[in-house]
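Only one structure is covered here, and it is reproduced in the block below.
This is a predicted model, so every value here is computed, not measured. Whatever order the structure lists ligands and atoms in, that order sets their numbers, starting from 1.
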Amino acid sequence: MGTVGSQAMWRLAARGAEVVGFDRFAPGHDRSGAGGDTRIFRFAASEGAEYVPLLRHADALWRQLERESGRQLRDLTGCLLVGQAEDPTLPQSGADLEELSAGKVAARFPGYRLAPDERAVFDRGGGCIHAPLAVVAAALRAEQLGARLHRYTTVTEVRACDDGVDIVTDGGVQRFDRAVVAAGAWVGQLFPELGLPVDVRRNLSFWHPWQPPVRDAAALPALIRASSPGFYGVPSPDGLTMKLGLTAELHRSVDDPNRLDRAVAPEELDDFRRVIRAHLPGLHEEPTRLGAYMEAYSADRHPLVGSMSGVPNVVFLAAFSGHGFKISPAIGDAAADLALTDGTALPVAFLAADRSMAC
Ligand SMILES: Cc1cc2nc3c(=O)[nH]c(=O)nc-3n(C[C@H](O)[C@H](O)[C@H](O)COP(=O)(O)OP(=O)(O)OC[C@H]3O[C@@H](n4cnc5c(N)ncnc54)[C@H](O)[C@@H]3O)c2cc1C
């Protein structure tokens with residue numbers, strides 16, 4: 001019942017399925033992929049054009065979930081993508097994307113600045129998702145539609161067989177027709193025998209105050225720097241700080257997701273200080289809050305969605321590789337199709353869980 005699991009429950013319950021969810025903690029908890037308050041939403045799909053239809057579908061479902069839950073789950077203040085002018089990973093301007101000059105960036109977004117050799121693209125439909133609230137909203141909506149949620153219930157084993165799936169918890173064994181497994185960083189522990197191509201990484205988020213304070217800082221767009229050193233920033237909703245994170249290459253591996261090292265060593269601040277000095281001079285170098293979170297990455301950096309041979313009746317949703325939150329409603333919708341009908345019209349074939357992976 002984490003990020004994608006809660007969405008899958010909502011989409012399954014919306015189709016009238018009998019849904020039972022399990023989580024070691026409660027939806028929206030801080031150790032899950034929703035930890036650290038916010039996630040970026042954007043249409044500019046730097047991961048590949050195949051994601052665009054999923055992002056559009058996710059956008060529609062985010063709006064639907066906001067209506068159904070009566071909660072505002074996103075602040076669509078836009079997303080500014082910056083990078084070296086020649087960087088091919090930086091998108092070209094288009095329907096939702098506007099090229100901005102350095103002067104326009106400075107005038108519209110105080111606190112952000114472009115170096116002379118950089119360019120910026122503004123993704124108008126982007127912004128930030130209130131991550132824990134979004135998970136809670138999907139889980140509670142599923143519950144409202146009839147799903148049963150087992151909070152604080154650890155699944156110790158998933159036994160797949162030809163006529164169903166046994167879910168084993170401390171409370172006993174329950175048999176289901178199908179299971180959707182969305183266990184985030186813990187998926188490898190639940191299925192050690194599969195040797196899934198999943199690497200769990202420790203992602204740091206630091207909240208840096210604006211110095212001097214920036215008026216209406218909460219209305220600034222999210223920021224992503226595509227070129228090296230890659231980083232992203234999300235203005236905190238209270239307008240006091242900006243949350244910074246670095247790209248995955250800089251994250252160290254986590255051997256055991258139950259023992260994530262949450263302590264931050266002083267030298268881990270150095271990369272962030274360098275980013276601030278070079279790109280975000282409006283931020284104070286010393287953070288007021290430090291957080292360590294986890295994410296599962298696949299070998300080719302694309303999620304695993306669907307069934308795997310030898311594990312009948314199980315739909316895997318795994319290894320979202322740093323970009324799962326924004327598309328999570330679309331993935332949940334596809335999972336509902338896959339669990340109920342074995343197929344889906346949503347374009348997730350390129351994410352097939354049993355694909356061979358060219359790294
Ligand atoms: C710091 C950081 C920043 C990110 N920024 C962005 C961003 O800006 N935009 C974006 O789109 N994505 C972003 N991501 C990625 C995104 O957050 C993840 O891809 C997504 O949250 C992963 O969702 P999940 O459902 O796979 O995992 P989770 O949300 O962690 O859900 C897994 C759930 O399974 C439960 N669980 C696991 N094992 C068991 C068990 N044995 N028994 C019971 N329960 C169990 C866990 O408690 C957890 O609740 C970011 C990730 C991190 C870490």
Side-chain angles (χ1 to χ4, degrees), residues 1-9 21-43 45-47 51 54-55 58 62 74 79 126-129 131-132 134-136 138-139 149-158 167-171 179-191 198 200-207 222-224 231-234 243-248 251 254 257-258 260 290-298 301-305 316-332 335:
M1 305 192 297
T3 306
V4 282
S6 64
Q7 298 284 350
M9 286 196 307
F22 298 87
D23 202 294
R24 177 182 282 126
F25 302 107
H29 68 87
D30 200 52
R31 289 155 198 239
S32 71
D37 303 346
T38 48
R39 294 289 181 265
I40 296 174
F41 182 87
R42 60 185 150 84
F43 286 108
S46 38
E47 298 83 7
Y51 285 85
L54 290 177
L55 286 161
W62 281 121
R74 297 184 300 174
C79 178
C128 89
I129 311 169
V135 176
V136 168
L149 276 58
H150 293 288
R151 299 171 171 89
Y152 304 104
T153 307
T154 299
V155 173
T156 51
E157 207 183 330
V158 177
I167 300 294
V168 186
T169 67
D170 287 345
V180 174
V181 173
W186 295 268
V187 67
Q189 291 196 334
L190 265 181
F191 292 91
V198 173
V200 178
R201 299 278 182 98
R202 173 175 169 274
N203 296 18
L204 297 175
S205 298
F206 294 168
W207 283 255
L223 179 68
I224 297 178
F231 68 87
Y232 58 86
V234 191
K243 182 179 80 167
L244 291 185
L246 305 176
T247 51
H251 302 150
V254 174
N258 292 322
L260 171 68
L290 316 171
Y293 305 96
M294 281 184 294
E295 173 71 338
Y297 293 82
S298 71
R301 298 292 187 262
H302 296 289
L304 309 176
V305 174
F316 286 88
L317 306 176
F320 285 90
S321 305
H323 44 98
F325 213 99
K326 62 182 87 55
I327 53 170
S328 59
I331 297 295

Ligand 1 to Val155, heavy atom cutoff 4.0 Å, flagged ligand atoms 40 (C), 41 (N), 42 (N), 43 (C)
Using a heavy-atom cut-off of under 4.0 Å, does the side chain or the backbone of Phe41 touch ligand 1, or both, or neither? neither
Counting only heavy atoms, which portion of Ala183 has something under 4.0 Å from ligand 1: side chain, backbone, both, or neither? both
Measure the distances from the heavy atoms of Ala182 to every atom of ligand 1 and state whether one is below 4.0 angstrom. yes
Taking the side chain as everything from C-beta on, heavy atoms only, tell me whether Leu260 gets closer than 4.5 Å to Arg31. no
A student checking ligand 1 against Met294 at a 4.0 Å heavy-atom cut-off should list atoms 53 (C)
I'd like to know whether ligand 1 has Gln189 as a neighbour, heavy-atom separation below 4.0 Å. no
Does some side-chain heavy atom of Ile40 sit less than 4.5 Å from a side-chain heavy atom of Cys79? yes
Nearest protein heavy-atom contact for atom 16 (C) of ligand 1: which residue, which atom, what distance? Phe325 N, 3.6 Å
Identify, for atom 27 (O) of ligand 1, the protein heavy atom at the shortest distance, and state residue, atom and that distance. Gly184 CA, 3.3 Å
Show me the donor-acceptor pairs, under 3.5 Å and distance only, between side chains in residues 324-331 and residues at least two apart or in other chains.
| from | atom 1 | to | atom 2 | distance (Å) |
| --- | --- | --- | --- | --- |
| Ser328 | OG | Phe325 | O | 2.8 |

Nearest protein heavy atom with distance in Å, relative to atom 39 (C) of ligand 1: Arg24 NH1, 3.9 Å
Tell me whether ligand 1 is touched by Gly245 - counting only heavy atoms on the residue side and a distance under 4.0 Å. no
Would you say Lys326 has any N or O atom under 3.5 Å from an N or O of ligand 1, going by distance alone? yes
Any donor-acceptor pair under 3.5 Å linking the side chain of Arg301 with the backbone of Gly322? no
heavy-atom search around atom 31 (O) of ligand 1 in the protein gives Gly2 CA, 3.3 Å
Show which atoms of ligand 1 fall inside a sub-4.0 Å distance from at least one heavy-atom site of Ser205. 1 (C)
I'd like to know if the side chain of Ser205 reaches the main chain of Gly291, judged simply by a donor and an acceptor atom lying under 3.5 Å from each other, with no hydrogens or angles considered. no
With a 3.5 Å distance limit and no angle check, can you tell me whether Glu295 reaches the backbone of Arg201 through a side-chain donor-acceptor pair? no
For the 3.5 Å polar cut-off, considering only N or O atoms, please tell me whether Gly324 and ligand 1 meet it. yes
Taking Leu246's backbone N and O only, do any of them form a donor-acceptor pair with His251's side chain (distance below 3.5 Å, no angle check)? yes
Hey, does Arg24 have a side-chain heavy atom less than 4.5 Å from the side chain of Asn258? yes
Is there a donor-acceptor pair under 3.5 Å between the side chain of Thr153 and the backbone N or O of Arg151? yes
What is the nearest protein non-hydrogen atom to atom 23 (O) of ligand 1, stated with its residue, atom name and distance? Thr3 CB, 3.2 Å
Taking only non-hydrogen atoms of Trp186 and a 4.0 Å limit, the atoms of ligand 1 in range are 37 (C), 38 (N), 46 (C)
Could you tell me which atoms of ligand 1, counted from 1 in the order shown, lie closer than 4.0 angstrom to a heavy atom of Thr153? 43 (C)
Report yes or no: does a heavy atom of His29 sit under 4.0 Å from some atom of ligand 1? yes
Heavy-atom contact under 4.0 Å between Gly36 and ligand 1? no
Check whether the ring centres of Tyr152 and His29 lie less than 6.0 Å apart, and answer yes or no. no
Not counting sequence neighbours, which residues clear side-chain contact (heavy atoms from CB on, under 4.5 Å) with Arg74? List them please. Phe41, Asp59, Trp62, Arg63, Glu66, Leu76, Ile129
Hey, can you tell me if His150 and Phe22 have their rings parallel, tilted or perpendicular (30° and 60° cut-offs)? parallel
Min side-chain heavy-atom separation Leu223-Phe231 under 4.5 Å: yes
Below a 4.0 angstrom heavy-atom separation, can you tell me which part of Leu204, side chain or backbone, both or neither, approaches ligand 1? neither
For atom 7 (C) of ligand 1, what is the nearest protein heavy atom, given as residue, atom name and distance? Ile40 N, 3.4 Å
Are any side-chain N or O atoms of Asp30 and backbone N or O atoms of Gly36, one a donor and one an acceptor, separated by less than 3.5 Å? yes
Backbone or side chain, does any N or O of Arg39 fall under 3.5 Å from an N or O of ligand 1? yes
Among all the protein's non-hydrogen atoms, which is closest to atom 30 (O) of ligand 1, and how far away is it? Gly33 N, 2.8 Å
Using a 4.0 Å cut-off to any heavy atom of Tyr232, which atoms of ligand 1 qualify? 1 (C), 2 (C), 3 (C)
I need the nearest protein heavy-atom contact for atom 49 (O) of ligand 1: residue, atom name and distance, please. Asp23 OD2, 2.6 Å
Can you give me the closest heavy-atom contact between Val198 and Ala319, atom names plus distance? CG2-CB, 3.9 Å
